[in-house]
Amino acid sequence: MPEHAALADLPAQTHTPVFETDRPKTVRLRLEAGDEVPAHSHPGFDIVFHVVAGRMELALDGETYEVAAGELMRFGGDRDISPRAPVDSSAVLVFAPAADD
């Protein structure tokens, strides 16, 4: 059976799972203006980062990319990632197991 979720119905916290199962893991990230997540990585995953409101500065291995509402980025989870919100913002991240190359 398909799962359905509305971002507006999720609890108001920084990291919120969107669906009950983690296949694939899907998380809503909410940051207030000036907030940032320290650099970290997710080895073994490919990540889709979709800004749904506001805009975020996404640092990947020290290089920063501006991502506005409606824009997406895809990258390997082995990279150091650190999102920062210059304005109140939210994004949806999907963590898919990395393909064996």
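Taken together through direct or relayed side-chain contacts under 4.5 Å among Ile, Leu, Val, Met, Phe, Trp and Tyr, L58 and V52 form parts of separate hydrophobic clusters.
Atom CG of L60 and atom OG of S41 lie 11.5 Å apart (nearest 0.5 Å). Taken to the nearest 0.5 Å, the CG atom of L7 stands 6.5 Å off from the OG atom of S90. With rounding to the nearest 0.5 angstrom, the CE atom of M56 is 5.0 Å from the OG atom of S89. Rounding to the nearest 0.5 Å places OG1 of T14 at 6.5 Å from CG of L31.
Scanning both residues, A96 and P24, for their nearest heavy atoms gives CA-CB, 4.3 Å.
By the 4.5 Å heavy-atom criterion applied to side chains, V18 and V27 are not counted as neighbours. The closest side-chain heavy-atom distance from V67 to R55 is not below 4.5 Å.
Under the 3.5 Å distance criterion, the side-chain polar atoms of D88 are matched with a main-chain donor or acceptor of A33. In this structure a side-chain-to-backbone donor-acceptor pair under 3.5 Å is present from E71 to A68.
In E20, the CD atom is not crowded: 12 or fewer heavy atoms of neighbouring residues, nucleotides or ligands sit closer than 6.0 Å. The neighbour count for E32 CD, taken as heavy atoms of other residues, nucleotides or ligands under 6.0 Å away, does not exceed 12.
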Tabulate below the donor-acceptor pairs under 3.5 Å that side-chain atoms of residues 72-85 make, not counting sequence neighbours, or state none.
residue	atom	partner	partner atom	Å
R79	NE	D61	OD2	3.1
S82	OG	V37	O	2.5
R84	NH1	E57	OE1	3.2

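In the hydrophobic clustering, V87 connects to no other residue, as no ILVMFWY side-chain heavy atoms lie under 4.5 Å from its own.
Within the structure, ring-ring contact (aromatic ring centres under 6.0 Å, His included) contacts touching residues 25-45 (residues at least two apart or in different chains) are H40-H42, H42-F95.
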